[in-house]
Every structure is written in C-alpha cells, then in structure tokens.
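Structure, as structure tokens:
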Amino acid sequence: MALGEELEPLEIEVTRTLIVAGAIASRDYQDVHHDAELAREKGSPDIFMNILTTNGLVGRYVTDRLGPSAVLRRVAIRLGAPNYPGDTMVLTGTVTALGDDGTTEVSVVGTNGLGRHVTGTVVATVITADGDARDTRDAGGAGAGAGGADGSRKGTA
C-alpha cells in the first residue's frame with residue numbers, strides 16, 4: 001500500500017433481493033426497504049437500500065482490497081442519492097493514511113446512476129498470522145489492493 005494509491009473499483013448490482021435481504025439481516029423492517037407500493041405512497045419511486053447494508057458493503061469493499069486478514073477499526077459514512085433496484089453501485093477508494101501500527105485509512109466513494117450514494121472513511125488493520133499488525137506501507141505501491149480476496153475485480157452481493 002502506498003499513500004494516495006487508488007483501490008480497484010467494485011461494481012455491485014443493486015437488486016430487490018439485495019435491498020430486502022440487507023434490510024432483514026440488519027433487522028430494519030421499515031416498509032420503504034421492502035414494500036414498493038408503500039415506498040411510493042411515501043414519495044419514493046421504489047424501495048431503497050438502508051444505511052446498514054451500505055455500511056456493510058463499504059466494509060466488505062475495503063477488507064476485500066486489503067486482504068483476508070484485514071480487520072475493520074472504524075467505518076464512518078454519509079448517504080447521498082438512494083440506491084434503487086436495477087441500478088449499479090460502484091465503490092472506489094483511495095489510501096489517505098498509513099500508520100506505523102499497521103492501520104490503513106481509506107477514503108471511499110460509492111456512486112450510482114443518480115450520483116454519489118455514499119462517501120466515507122474506513123480505518124482497518126492488517127493482522128499477521130502471529131496476531132501482530134502488519135505494516136501496510138509499501139514504497140513500490142503494489143500492495144494488496146489489486147483486487148478482491150479472490151483476485152476478482154467485479155462483484156455482486
């Protein structure tokens with residue numbers, strides 16, 4: 001990892017199933033996340049993704065890019081344009097800080113067809129096999145951010 005390094009983007013298809021499953025998994029039973037008719041009655045064109053699902057996807061994006069031993073320390077996000085079914089959210093990230101203690105800070109942006117869905121900052125630590133934090137700084141900038149944990153560049157949730 002190098003300061004200023006851009007992480008490989010992740011495309012996530014926003015499906016009804018993803019929206020409803022994320023709401024149920026996070027115990028968010030608000031009708032705007034699962035009932036299209038009631039969502040329209042409340043002024044929304046359709047159901048939309050809840051913040052907890054977005055939070056989880058942002059965390060997944062960073063840990064996939066930093067590798068399987070990455071541990072989230074802080075996730076701070078702000079929502080913008082809603083994620084509606086049929087859209088695609090593209091997550092991108094830039095390394096904004098590297099700590100001596102093995103922490104990596106990543107600025108994350110998620111966009112969809114309407115604009116910015118989410119912006120935020122994630123701090124993670126990469127843990128070595130012996131339980132210590134690994135220094136993620138890399139003078140060459142290659143790092144572990146070349147793709148997902150399986151090397152993939154595109155994902156679905």
Side-chain angles (χ1 to χ4, degrees), residues 1 5-99 102-127 133-134 136 143-157:
M1 283 285 119
E5 181 177 347
E6 293 185 16
L7 306 183
E8 189 69 31
L10 174 65
E11 294 181 14
I12 298 173
E13 300 302 319
V14 180
T15 65
R16 281 184 192 285
T17 302
L18 173 61
I19 293 169
V20 173
I24 290 170
S26 60
R27 303 178 90 177
D28 183 347
Y29 304 116
Q30 298 236 358
D31 50 24
V32 294
H33 302 307
H34 65 84
D35 188 319
E37 184 176 322
L38 289 175
R40 282 190 283 278
E41 285 179 16
K42 293 182 177 183
S44 178
D46 207 335
I47 62 171
F48 54 90
M49 186 176 287
N50 72 352
I51 191 169
L52 296 172
T53 302
T54 299
N55 196 66
L57 292 171
V58 166
R60 167 196 164 192
Y61 170 66
V62 171
T63 57
D64 279 1
R65 296 311 181 253
L66 296 181
S69 61
V71 177
L72 296 176
R73 299 298 181 194
R74 183 172 63 87
V75 179
I77 63 170
R78 178 176 290 245
L79 292 183
N83 264 342
Y84 292 116
D87 209 340
T88 300
M89 178 172 63
V90 180
L91 292 167
T92 58
T94 304
V95 176
T96 53
L98 295 168
T103 58
T104 300
E105 180 183 273
V106 179
S107 173
V108 177
V109 175
T111 59
N112 61 29
L114 297 174
R116 285 188 172 188
H117 170 66
V118 63
T119 56
T121 303
V122 177
V123 176
T125 304
V126 178
I127 306 297
R134 183 181 84 207
T136 55
D150 63 356
S152 65
R153 305 237 190 270
K154 181 174 180 176
T156 56

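- Under the rule for a side-chain hydrogen bond (donor to acceptor under 3.5 Å, both in side chains), the partners of Thr96 that lie at least two apart in sequence or sit in another chain are Glu105.
- The shortest non-hydrogen separation linking Ala124 to Val62 is CB-CG1, 4.4 Å.
- Only one option out of Leu10, Leu72, Asn55 pairs with Arg60 in a side chain to side chain contact (heavy atoms under 4.5 Å, CB included); it is Leu10.
- Taking Ser26 as the reference, Asn50 meet the side-chain hydrogen bond (donor to acceptor under 3.5 Å, both in side chains) condition, with sequence neighbours excluded.
- Remark: Arg116 pairs with no residue by the salt bridge (charged side-chain N to carboxylate O under 4.0 Å, His left out) rule, at least two apart or across chains.
- Contact detail for Glu6 and Thr94: the closest heavy-atom pair is CG-OG1, 4.0 Å.
- In this structure, the side chains of Met1 and Leu7 come closer than 4.5 Å at one or more pairs of heavy atoms.
- A side-chain donor-acceptor contact under 3.5 Å links Ser69 to the backbone of Ile127.
- Pairs engaging residues 16-36 under the salt bridge (charged side-chain N to carboxylate O under 4.0 Å, His left out) rule: Arg16-Asp46, Asp31-Lys42 [sequence neighbours left out].
- Among residues at least two apart or in separate chains, ring-ring contact (aromatic ring centres under 6.0 Å, His included) pairs with a member in residues 20-65 are His33-Phe48.
- Between atom CE of residue Met49 and atom OG1 of residue Thr54 there is a gap of 5.0 Å, rounded to the nearest 0.5 Å.
- Residues in residues 62-99 take part in no ring-ring contact (aromatic ring centres under 6.0 Å, His included) pair, two or more places apart or across chains.
- Between the OG1 atom of Thr53 and the CG atom of Leu18 there is a distance of 6.5 Å, given to the nearest 0.5 Å.
- At least one side-chain heavy atom of Met89 sits less than 4.5 Å from a side-chain heavy atom of Leu91.
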Side-chain polar contacts of residues 76-83 - donor-acceptor pairs under 3.5 angstrom, sequence neighbours left out - could you list them?
unit_1: Asn83; atom_1: OD1; unit_2: Asn112; atom_2: ND2; d: 2.9
unit_1: Asn83; atom_1: ND2; unit_2: His117; atom_2: NE2; d: 3.3

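- With sequence neighbours left out, Arg74 forms a side-chain hydrogen bond (donor to acceptor under 3.5 Å, both in side chains) with no residue at all.
- Put simply, the side chain of Asp87 never gets that close to the backbone of Val14: no donor and acceptor are under 3.5 Å apart.
- Taking CG from Asp64 and CD from Glu8, the interatomic distance works out to 12.0 Å, rounded to the nearest 0.5 Å.
- Other residues, nucleotides and ligands contribute more than 12 heavy atoms inside 6.0 Å of the CD atom of Glu41.
- Taking the side chain to side chain contact (heavy atoms under 4.5 Å, CB included) definition, one finds that Thr88 meets it with Glu11, Glu13, Val90, sequence neighbours left out.
- A distance of 10.5 Å separates CZ in Arg65 from OG1 in Thr92, rounded to the nearest 0.5 Å.
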